[in-house]
**Q** 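Please find one structure pasted underneath; my questions will follow.
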Amino acid sequence: MTTKSKGVNNAMHWFRKGLRLADNPALVSCLEQSPKNIYPVYVLDGNSYELFRCSPLRANFLVECLQDLDANLRTLGSRLYVLSGDPTIILPDKWNEWNITDLSYEEEEAGEPYALKRDTTIIDLAQTSDIRLFTAKSETLYPLQEYMIKAKNGKAVPSSMTGFQKIFGGMPPMKKVLPPPTKEDFPQNDNLAELSKLYLPPTKATDLPWPRDIPRSEVEPIWDANDCKNLTPLVHGGETLARKVLKQKLKDADWVATFEKPKTSCTSLEPSTTNLSPYLSWGCVSPREVWVALDNAIAKASSKTKVSKPPVSLHGQMLWRDFNNLMAHNANLNHPGCWNHIEGNQYCRQVSWDDDPQLLEKWKRGKTGYPWIDAAMRQLAQEGWIHHLGRHAVACFLTRGDLWQNWEEGAKHFEAELLDADYALNGFNWLWLSCSGFFYQYFRCYSPIVFQKKNDPNGNYIRKYVPELKDLPSKYIYTPWEAPTSILDKAGVKLGKNYPRPLVDHSVVSKENMTRMKQAYDDHKVREAAAAPKEKPSKKKQRTS
DNA sequence: GGTCCGTTGGGCGC
DNA sequence: GCGCCCAACGGACC
């Protein structure tokens, strides 16, 4: 490794995810080289995962993150340089122009194919240009490789949460959370004044290289592509807000200590969970910081409090995140890029899903005729968020429960619309809900009617998000097609006109679909047996000899 | 090869 | 609000 004397190197920190200053080990290790100048950059990359299939709410969230990052850097006497284009072209240009000698960035861990390809190219280019790399794995509580090593130990990587928790229990103490760099850590760039009006962060979603340059979707957008005005995001972007939300949500120590995910409500009009997921997925806050904050909050809970445990506790939610990343990482190691696909995905059952663009479109737009499903889908479009259990219900409805549509399509839609869209978590949950992987009890099926009726008998959630039904009596709010004409008339509901009739009869199709799933599982067994005909006998031989 | 378990199902009786 | 059954999955563990 070439060593360069202090003060003659020029550094670049490349933000991709990890849009924060605190607990950013790659940035810190770069600053530790005491560079003469540092250029914190973000590249608006029209082809990147973050922007591909990206709703205005997501675009807007990114803009807010960049604005906040720039503001925070300016308090340290630095700033964010926002570039536009293909990073593998634009970054080498800037290395040359700014005489960059050191480059740092947070590594992509789950194995998202575009990011991996991009980074491989950048690593090659950096080596060619004799640029020193300072990278760090800080997307998860522990680097995924460390779980892999711990797990292997002669065994397979666990594919259940229980198995993962065992691995996790044997991990060494977690790395300490790094404080944000101080003003003294940041050099004053020679040319800061000269560049003051260049490379400024975008101020609105339409400044991003989207949607003009990107073929976003085959279908018409659900929202006005240029307009976020009428949308009401769950939270706004940025590290500053992330910390505020973290502090606020963890203030009630007893709430934190007794949190049980399955007991939180997905129909409450105010989110019953922490709202931290968007910040975690964009890296506005580090998972370790959240972990420690949970520790601290629980320590303050009253001694009588019965503290909840993983997997249902808040710490458990952080474990799910790492577990999902590990599964994505492992799947992609064996078959690069397979994670959000059926083909080649070792964890995914091959199921012959139907392909009906009209049904898919009605699901996306919240026009299935099942008010509870439609309410959740419209909350997604409106706020960029649905409660986890709501996601379960709509994902089950689209796939194995009712419409029998390919989960890949549902995953793509979530990826575009969710503020907290996360490659690893999204893929895992669609595999789970469609009974394609990790969860196989297909006879346990969410009802689009009764699942939430007990939590929200008056249907307030439906009344909020499906306003055309708001005047229906509670008795029919979940099942408007059962209401007498006089009641529908009184409520201003015209079935098939201003609110659709149900696309399918759940009680019928859910049973039919169980039979289809049984068949798919049987076919899977046959394929497995055919794929490895000699393996089992030879193993037996070894054992008996 | 048997048994138990799996973050969060639905329906019923009590 | 709880316990039990429904019909019956794969994977871990013995």
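Basis for what follows: all heavy atoms, side chains included, without hydrogens, waters or symmetry-related copies.
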**Q** Would you indicate, yes or no, if B:dG10 has its OP1 or OP2 atom less than 4.0 angstrom from a side-chain nitrogen or oxygen of A:Lys454?
**A** yes

**Q** May I ask you to decide if the ring planes of A:Phe451 and A:Trp372 are parallel, tilted or perpendicular, using 30° and 60° as cut-offs?
**A** tilted

**Q** What does C:dA7 pair with, Watson-Crick or G-U, if both distances are under 3.5 Å?
**A** none

**Q** Under 3.5 Å, side chain of A:Thr258 to main-chain N/O of A:Asp254, donor-acceptor pair present?
**A** yes

**Q** For A:Thr240, does its backbone N or O pair with a side-chain atom of A:Arg20 as donor and acceptor, under 3.5 Å?
**A** no

**Q** Describe the nucleic acid contact of A:Phe451 in one word from base, sugar-phosphate, nothing, applying a heavy-atom distance below 4.0 Å.
**A** sugar-phosphate

**Q** Return the residues of residues 505-515 of chain A meeting this criterion: a heavy atom under 4.0 Å from some atom of DNA chain B. Order them by number, or give none.
**A** none

**Q** Ring centres of A:Tyr446 and A:Phe397 under 6.0 Å apart?
**A** no

**Q** What nucleotide among B:dG9, B:dT7, B:dG10 has an atom nearest to a side-chain atom of A:Val450?
**A** B:dG10

**Q** C:dG1 pairs with which nucleotide, Watson-Crick or G-U wobble, both distances below 3.5 Å?
**A** B:dC14

**Q** Using the C1' atom on both, measure C:dC4 against C:dA8 and round to a whole Å.
**A** 16 Å

**Q** With both distances under 3.5 Å as the test, what is the Watson-Crick or G-U wobble partner of C:dC14?
**A** B:dG1

**Q** Is there a donor-acceptor pair under 3.5 Å between the side chain of A:Tyr465 and the backbone N or O of A:Leu380?
**A** no

**Q** Are A:Pro336 and A:Leu116 close enough that some pair of their side-chain heavy atoms sits under 4.5 Å apart?
**A** no

**Q** Could you check whether any side-chain heavy atom of A:Ile342 comes within less than 4.5 Å of a side-chain heavy atom of A:Gln350, counting everything from C-beta outward?
**A** yes

**Q** In whole angstrom, give me the gap between the P atoms of B:dT7 and C:dG1.
**A** 25 Å

**Q** Looking for any heavy atom pair under 4.0 Å, which part of the strands does A:Thr162 touch: base, sugar-phosphate only, or nothing?
**A** sugar-phosphate

**Q** Ring pair (Phe, Tyr, Trp, His ring centres under 6.0 Å) for A:Phe164 and A:Trp320? Distances and angles first, verdict last.
**A** CA-CA 9 Å; A:Phe164 176 75; A:Trp320 277 102; 9.0 Å; no

**Q** Using a cut-off of under 3.5 Å, enumerate the N/O to N/O pairs linking the protein to nucleotides 9-14 of chain C.
**A**
unit_1 : atom_1 : unit_2   : atom_2 : d
C:dC9  : OP1    : A:Lys518 : NZ     : 2.9
C:dC13 : OP1    : A:Lys166 : NZ     : 3.3

**Q** Do A:Gln452 side-chain atoms and A:Cys266 backbone N/O form a donor-acceptor pair below 3.5 Å?
**A** no

